[in-house]
Number of protein chains: 2
Amino acid sequence: MKAVRWRSAVSQSPFESDHMGPPTGSTSLPRVFAQPQLAQLQRQSVVRHAAATAIEQEVMVDAIPDSLLRAGDDQNSMRGHFERMIRKAQADICAAVEEVDGCKFRQDAWTRPGGGGGITRVMQDGNVWEKAGVGVSVVFGKMPQEAYRAATGTNKSNGASKDDMVPFFAAGISSVMHPKNPHCPTMHFNYRYFETDEWNGIPAQWWFGGGTDITPSYIDEEDQRHFHGVYKRVCDNHDPAYYPKFKQWADDYFLNKHRNERRGLGGIFFDDLRDKPREEIVKFSTEAVNAVCESYLPIVKKHRDDAFTQKEKEWQQMRRGRYVEYNLVYDRGTTFGLKTGGRIESILMSLPLTCRFEYCHEVAPGSPEADLLDACTNPRTWV
Amino acid sequence: MKAVRWRSAVSQSPFESDHMGPPTGSTSLPRVFAQPQLAQLQRQSVVRHAAATAIEQEVMVDAIPDSLLRAGDDQNSMRGHFERMIRKAQADICAAVEEVDGCKFRQDAWTRPGGGGGITRVMQDGNVWEKAGVGVSVVFGKMPQEAYRAATGTNKSNGASKDDMVPFFAAGISSVMHPKNPHCPTMHFNYRYFETDEWNGIPAQWWFGGGTDITPSYIDEEDQRHFHGVYKRVCDNHDPAYYPKFKQWADDYFLNKHRNERRGLGGIFFDDLRDKPREEIVKFSTEAVNAVCESYLPIVKKHRDDAFTQKEKEWQQMRRGRYVEYNLVYDRGTTFGLKTGGRIESILMSLPLTCRFEYCHEVAPGSPEADLLDACTNPRTWV
């Protein structure tokens with residue numbers, strides 16, 4: 001019998017839950033931390049590390065169950081609805097990507113004895129994409145009270161002992177796609193739904209998180225207007241405050257703080273979303289995840305056959321190096337997953353197949369490379 | 001006038017000070033953390049983050065001063081001695097590497113208004129090495145009491161206020177070299193000396209740290225006996241207990257915990273070394289750093305012209321991917337430096353020029369690749 005190992009609640013897939021730290025908020029940390037900011041950093045770190053909780057070792061399966069919920073769970077619940085939504089999105093997006101690329105995704109799936117599981121789909125060394133992965137996962141876990149309070153804003157514990165943890169459910173879809181042509185951008189998205197059980201007399205809580213962001217090596221303004229335009233339209237369909245807020249949040253979150261440089265040109269990012277009825281927010285999440293193909297694939301199709309120089313390819317490889325820096329140093333799903341023992345291959349499917357780290361690389365003033373760096377340093381308004 | 005920015009005390013070069021956390025000790029953390037280990041992880045993180053302290057922004061210089069100590073500092077002190085020792089080692093090692101490679105190192109140097117500075121030397125895309133860097137730095141900083149206590153073992157604070165920090169001096173040399181030929185190993189070393197000033201009635205403290213480790217893509221047992229043999233000899237010259245202890249420490253430290261796999265085949269690693277008179281330990285440190293060329297260069301010369309296949313090159317690139325994972329996720333000098341704002345290019349000179357991240361790569365049973373993985377998972381005794 002396989003030994004049960006205890007795992008992180010959020011490390012089963014590349015979730016990027018802000019519940020592992022305080023809300024990302026609307027201000028980015030400066031590159032150099034003054035003392036008060038340092039204290040903030042320490043708090044974040046404590047909360048993040050404190051979030052490691054009990055999850056069993058996965059068991060790889062050949063036949064994927066129709067539902068990754070626990071046996072007997074209500075399939076008509078939001079849990080069931082969200083799982084079906086992300087599994088359909090995974091299938092639809094992979095099919096659309098396969099149609100553009102001509103190659104197929106491989107699939108790896110797992111379940112856990114106590115419920116939950118995941119499906120990772122990866123296409124490696126395709127015709128158009130160097131590496132593209134789309135994963136879904138369903139997790140039943142327990143989170144520390146600190147993480148619970150950060151996520152829900154509640155201060156109650158109703159006399160629970162300090163080490164008592166809060167049972168939760170999470171389901172999410174996550175993806176990164178790295179095309180080969182340096183004029184085709186990398187794209188990432190992640191949409192997730194959390195629920196806590198009723199705990200210690202405190203009612204069950206729920207919230208949504210997610211986002212989609214784009215990382216080109218070269219700026220095509222029309223592409224950016226298209227990409228951001230799609231998400232502005234999706235946001236505006238639900239709340240006119242969403243796009244400006246979530247665009248800013250993406251600019252703050254996808255930041256290589258040590259360089260004060262974003263990994264790319266952003267998009268939208270949100271977390272702890274519970275400001276409207278659940279049925280409304282899930283419609284927003286669904287519309288956002290279903291907009292991935294519309295927002296991204298036309299850009300890839302437009303540029304996949306663009307001519308490029310060796311220098312342009314090397315620049316793309318360097319930008320991928322920055323992507324690796326971001327994912328391994330800052331990305332919350334990745335760093336937390338690595339430190340607490342998730343399915344490593346699913347967590348790291350987000351890394352590019354190849355990349356480059358040059359010492360003291362400098363871009364020529366006025367060059368397209370300098371323009372990209374400027375846009376990564378001083379985020380622009382695209383729509 | 002350039003604004004002074006506050007920096008980490010240890011982020012000025014790739015120091016790997018254990019003072020940023022509790023002693024590495026002799027046991028490695030398991031891949032998956034049970035609750036008591038999680039608490040330990042949290043403490044480590046707190047101590048590590050708490051170590052960010054006040055250091056000024058560097059000023060790049062063309063002419064390097066004879067000493068990076070503060071004006072008026074005693075050049076005959078251990079500080080002066082150690083700085084001269086590592087600067088000579090940097091010059092000697094770079095000269096020897098240039099002779100093997102045929103290409104030259106570039107040099108970047110900086111000082112700080114309040115004392116200290118660094119010299120980074122990097123060779124990129126040479127004939128034999130894809131990237132090789134050797135850096136020295138001298139830092140005057142302040143460390144939190146937590147870090148001070150972890151490093152020195154003292155529990156006294158003599159009534160100092162909680163936020164009062166301990167002034168310290170540190171000097172170190174650090175290097176990573178990534179050859180092109182997949183049959184030539186990557187090598188890393190770092191040697192450092194720390195001193196605290198007398199503080200709050202507690203006398204000044206000092207300690208040494210360091211190590212050299214090797215990361216081949218393919219095992220050549222003769223090479224490993226040679227490499228480890230050199231450090232066993234160096235250790236044995238000073239204390240017969242050193243080699244077994246420091247070899248184990250390297251096996252514990254250079255571990256990708258999320259894979260339960262070492263990045264390579266180890267070597268020696270030590271920290272908080274203060275168990276003998278300072279004059280004896282500095283002789284050991286000096287002998288170890290001066291053994292780098294003897295331990296490493298014959299291996300590179302032996303294999304630099306080895307024939308290799310595309311598959312072998314890709315395997316090397318994947319092992320470099322693991323090196324990147326280690327450096328960005330675990331290496332204390334790197335992670336701490338990145339999060340607190342050191343000279344980024346000096347910190348990240350340790351990353352390979354190119355690397356590869358494959359999803360679910362599997363090695364053939366019985367293959368040389370499987371043999372390497374086994375040695376990284378179950379450390380071997382080479383001498």
Side-chain angles (χ1 to χ4, degrees), chain A residues 5-8 30-35 38 41-42 44-46 48-50 52-54 57 106 108 120 122 124-125 131 133 163 256-259 317 321 324-325 327-330 334-335 337-342 344-361, chain B residues 5-8 11 30-35 38 41-42 44-46 48-50 52-54 57 106 108 120 122 124-125 131 133 163 256-259 317 321 324-325 327-329 334-335 337-342 344-361:
Chain A
R5 293 188 295 173
W6 297 107
R7 296 291 188 94
S8 153
R31 175 166 173 246
V32 177
F33 306 115
Q35 291 305 314
L38 179 66
L41 181 70
Q42 290 168 25
Q44 284 189 17
S45 170
V46 171
R48 234 172 3 243
H49 282 133
T53 58
Q57 167 77 354
R106 67 175 272 184
D108 299 288
T120 291
V122 173
Q124 197 162 268
D125 202 14
K131 197 165 164 195
D163 296 332
N256 268 323
K257 297 184 184 75
H258 56 282
R259 298 185 183 274
Q317 296 298 86
V324 170
E325 288 179 22
N327 278 27
L328 293 180
V329 178
Y330 299 104
T334 305
T335 56
L338 291 186
K339 286 184 178 166
T340 49
I344 297 306
E345 294 299 328
S346 294
I347 295 167
L348 294 184
M349 74 177 185
S350 63
L351 299 180
L353 187 58
T354 60
C355 68
R356 187 172 175 89
F357 300 97
E358 275 195 22
Y359 176 73
C360 282
H361 179 79
Chain B
R5 292 188 296 174
W6 296 107
R7 296 290 187 96
S8 152
S11 62
R31 177 162 172 248
V32 177
F33 306 114
Q35 291 304 314
L38 179 66
L41 181 69
Q42 291 167 24
Q44 284 189 18
S45 170
V46 171
R48 231 166 13 237
H49 282 133
T53 59
Q57 165 77 355
R106 66 176 271 183
D108 299 289
T120 291
V122 173
Q124 197 162 266
D125 202 12
K131 198 166 164 193
D163 297 333
N256 268 323
K257 296 183 183 78
H258 56 283
R259 298 185 184 275
Q317 295 297 86
V324 170
E325 288 178 21
N327 278 25
L328 293 180
V329 178
T334 305
T335 56
L338 291 185
K339 287 187 178 164
T340 48
I344 296 306
E345 295 298 329
S346 294
I347 295 167
L348 294 184
M349 73 177 185
S350 63
L351 300 179
L353 186 58
T354 60
C355 68
R356 187 172 176 90
F357 300 97
E358 274 194 23
Y359 176 73
C360 282
H361 179 78

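By convention in this document, chain letters (A, B, ...) are assigned in the order of the sequence lines, proteins followed by strands, and residues within each chain are numbered from 1.
- Once rounded to the nearest 0.5 Å, the distance linking OG1 of A:T334 with CG of B:L328 reads 12.0 Å.
- Here the CD-CG distance, from B:Q317 to A:L353, works out to 10.0 Å after rounding to the nearest 0.5 Å.
- Under the rule for a side chain to side chain donor-acceptor pair (under 3.5 Å), the partners of A:D108 that lie at least two apart in sequence or sit in another chain are A:R106, B:Y359.
- In this structure A:E358 satisfies the side chain to side chain donor-acceptor pair (under 3.5 Å) test together with A:R356, A:H361, sequence neighbours excluded.
- Between B:L348 and A:E325, the closest heavy-atom pair is CD1-OE2, 3.3 Å.
- Across every non-hydrogen atom of A:C355 and B:F357, the tightest pair is SG-CE1, 4.0 Å.
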